[in-house]
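Here's the structure we're looking at; comments come further down.
Note that the structure is predicted; figures quoted are calculated from it, not measured.
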Amino acid sequence: MDLSAILLAAQEVVQPFTLFLILMGVFFGIIAGAIPGFTFTMAIILAFPFTFGMEPIQGLALMIGIYIGGLSGGLISGVLLGIPGTPSSVVTTFDGYPMTKRGEPARALGIGIIASVLGTVIGAILLFVLGPVISKVALQFGPWEIFALVVFALTLIAGLSGGNLMKGLIAGCVGLLIGTVGISPTGAVRFDFGFASLTAGLSAIPVLIGLFAFSQLFKNIEEIKIAYSAEEKSMLKKKVRIPFAQVFRDVFKERWNVLRSSMIGCFVGSLPAAGAESANFISYDRAKKAAKKKEQYGNGHPGGIVAAESSNNSVAGGAFIPTITLGIPGDVAQAVMIGALILHGITPGPGLFAQQPVLVNSIYIAIIVSAVFILLVQTLLLPVLIRMTLIPKSLLIPSILVFSTVGAFALNNRPFDIWIVFVFGLIGFLLVKADVPLGPVILGLILGPTLEAEMIRAFQLSPSVSTFLTRPISLLFLLLAVSSIIFTMRQKKKGTVAPEIKQAS
């Protein structure tokens, strides 16, 4: 443990401007999470262009604030209306909305907020403990191990793509194919189709904005709901005061549930693109099985909200583990953060701990500061946040489309990138309509260049394929890749596959 790096990181994060960025990030992240259909991942993508002129720590702090706030914000509409603000808050509605219907919306919101804060802090602690250990191990990896690890990550996310393993694998291959456009590691130009703008390849951020943000917005346009019903508006306009004494008693009774669910969330979050959705369902299932009064779950039991929200927010700490230790994004939001780091000349991976110790420690501290701001913002400004969920989508969607397009253009100041956004927005929308998950596409795009470069390095050092099988760690990852596919196929036959991840938010 480098105490000087921790102190320097703390000094950077507590700078007034950095704290302001985290606060604004948490505030807008909560709003993004609270508005059904507008996910925090979109908010991070929108914020990305604003990080260009910032220091790396400041840019990361802003996006971490949005990330943590967004994970928690989905509970507001989920509890009050039974409409999850984000896919990761679906499970919160199981007990949050029934509690609201029996006249306890403030209690349900309070339990969710406290559980979110505790889950975030526990996730940050686990990241702080496990990150350096995994990084030291990863420093010993050669090209064979890195190639096998990426293959494992791709098969894992394909396996987590719901009931159709084939669609998940195809989606991953589509992402890999997109990553091959431009100059190869050997210097050859591929798939430029005569366009000089494609010679340097496709910038990940415009493609990501199109695939994820635009495709989701197109879907929202198709399903647009002009206004809430009178009953829903009435619920959102009610005055809500959180009974903290009751809430703290509820959460204290569920303290082991908080710890167990947070650890599950952190573990699931560390699996590339597994997402908070899967963590929620697993944690809820574990909590229900461990409860003395199982029949009360689904009818407004505090333990259900605690399990959902603590696992939901602890995913953040877990998702950062593969991102900063291996350079493999834990989810789409992490992919954008990797893009921000690369933009500043910083490459995530095992060497990050030695090369940028202050930056790494600032991530831990920014997550914990975000947890504090979640508590402050959601308790002090709760009426304001509730009212902001009333913003009509007919006004919101066009605004987001414009900001997304401007953000894509600002990255390289190329009009061509705007066309990339629209083309991949259409592709993403068609994939969503075909029930093809976008997570594997995005992961394939981000990891494709690494997979190809390490494969070439491996064959340059040893032309024999058998080297991948004779090196223990490489063999282990390849066996895990095969096992993940076999496991998913067996689970599909049993009808017990994990909840489908249609979007990595």
Side-chain angles (χ1 to χ4, degrees), residues 26-36 40 68-86 88-121 228 231-254 257-258 261-262 276 280 283-284 287 296-314 370-391:
V26 167
F27 179 73
F28 287 110
I30 291 171
I31 293 172
I35 300 173
F40 62 86
I68 304 299
L71 284 169
S72 180
L75 72 91
I76 295 176
S77 58
V79 166
L80 296 179
L81 303 175
I83 304 171
T86 62
S88 61
S89 58
V90 169
V91 179
T92 305
T93 65
F94 293 176
D95 288 276
Y97 189 53
M99 196 176 284
T100 294
K101 288 198 290 186
R102 70 172 186 235
E104 298 180 291
R107 181 186 175 196
L109 286 171
I111 293 170
I113 292 167
I114 299 301
S116 292
V117 171
L118 293 174
T120 302
V121 172
Y228 288 111
E231 184 181 352
E232 289 171 338
K233 283 186 177 181
S234 175
M235 177 59 70
L236 291 172
K237 289 179 180 179
K238 283 184 178 179
K239 289 185 178 180
V240 177
R241 291 183 180 178
I242 297 173
F244 282 105
Q246 175 69 56
V247 166
F248 283 123
R249 284 196 297 270
D250 289 331
V251 175
F252 183 74
K253 287 178 184 176
E254 298 289 337
N257 186 1
V258 171
S261 299
S262 297
N280 286 172
S283 298
Y284 188 86
Q296 292 184 6
Y297 273 70
N299 295 298
H301 194 288
I305 302 173
V306 165
E309 286 303 314
S310 56
S311 64
N312 182 37
N313 272 60
S314 67
S370 297
V372 175
F373 283 150
I374 282 176
L375 182 61
L376 295 175
V377 171
Q378 285 192 303
T379 53
L380 298 178
L381 300 178
L382 188 58
V384 176
L385 296 171
I386 292 173
R387 292 296 182 93
M388 293 196 78
T389 63
L390 292 169
I391 298 174

Quiz item: About how many Å separate CD1 of Ile113 and CG of Leu75, when rounded to the nearest 0.5 Å?
Solution: 6.0 Å

Exercise. Taking the side chain as every heavy atom from C-beta outward, state whether Asn312 and Thr92 have any atom pair closer than 4.5 Å.
Key: no

Quiz prompt | Side chain Asn257, main chain Ala287, donor-acceptor under 3.5 Å | solution = no

Self-check item: Spacing of CD belonging to Glu309 relative to OG belonging to Ser89, to within rounding of 0.5 Å
Solution: 7.0 Å

Quiz prompt | Flag side-chain contact, heavy atom, 4.5 Å: Phe248 against Ile114 | solution = yes

Quiz prompt | Backbone of Gly96 reached by a side-chain donor or acceptor of Thr100 within 3.5 Å | solution = yes

Practice problem: State the CE-CD distance between Met99 and Glu104, to the nearest 0.5 angstrom. | Solution: 6.0 Å

Quiz item: Under 4.5 Å between any side-chain heavy atoms of Ile76 and Ile30, yes or no?
Solution: yes

Quiz prompt | OG-CD distance between Ser72 and Gln378, expressed to the nearest 0.5 angstrom | solution = 3.5 Å

Quiz item: Can you list the residues that meet the side chain to side chain donor-acceptor pair (under 3.5 Å) rule with Ser370, with sequence neighbours excluded?
Solution: none

Quiz item: Do the side chain of Ser314 and the main chain of Ser311 share a donor and acceptor less than 3.5 angstrom apart?
Solution: yes

Quiz item: Of the non-hydrogen atoms in Val377 and Val26, which two are nearest, and what is the gap between them?
Solution: CG2-CG1, 4.3 Å

Quiz item: Hey, are the side chains of Ile68 and Phe40 touching, using non-hydrogen atoms and a 4.5 Å cut-off?
Solution: no

Quiz item: Is there a side-chain contact (heavy atoms from CB on, under 4.5 Å) between Thr93 and Val79 once you walk through the steps?
Solution: CA-CA 6 Å; Thr93 65; Val79 166; over 6 Å; no

Quiz item: What do the steps show when you test Arg107 against Arg102 for side-chain contact (heavy atoms from CB on, under 4.5 Å), and what is the final call?
Solution: CA-CA 11 Å; Arg107 181 186 175 196; Arg102 70 172 186 235; 3.9 Å; yes

Self-check item: Interatomic distance, Asp250 atom CG to Phe244 atom CZ [nearest 0.5 angstrom]
Solution: 13.0 Å

Quiz item: Roughly how far apart are Leu118 CG and Ile374 CD1, rounded to 0.5 Å?
Solution: 10.5 Å

Under 3.5 Å, which donor-acceptor pairs do the side chains of residues 297-308 form with other protein atoms, sequence neighbours left out?
from, atom 1, to, atom 2, distance (Å)
Asn299, ND2, Glu295, O, 3.0
His301, ND1, Gly303, N, 2.8

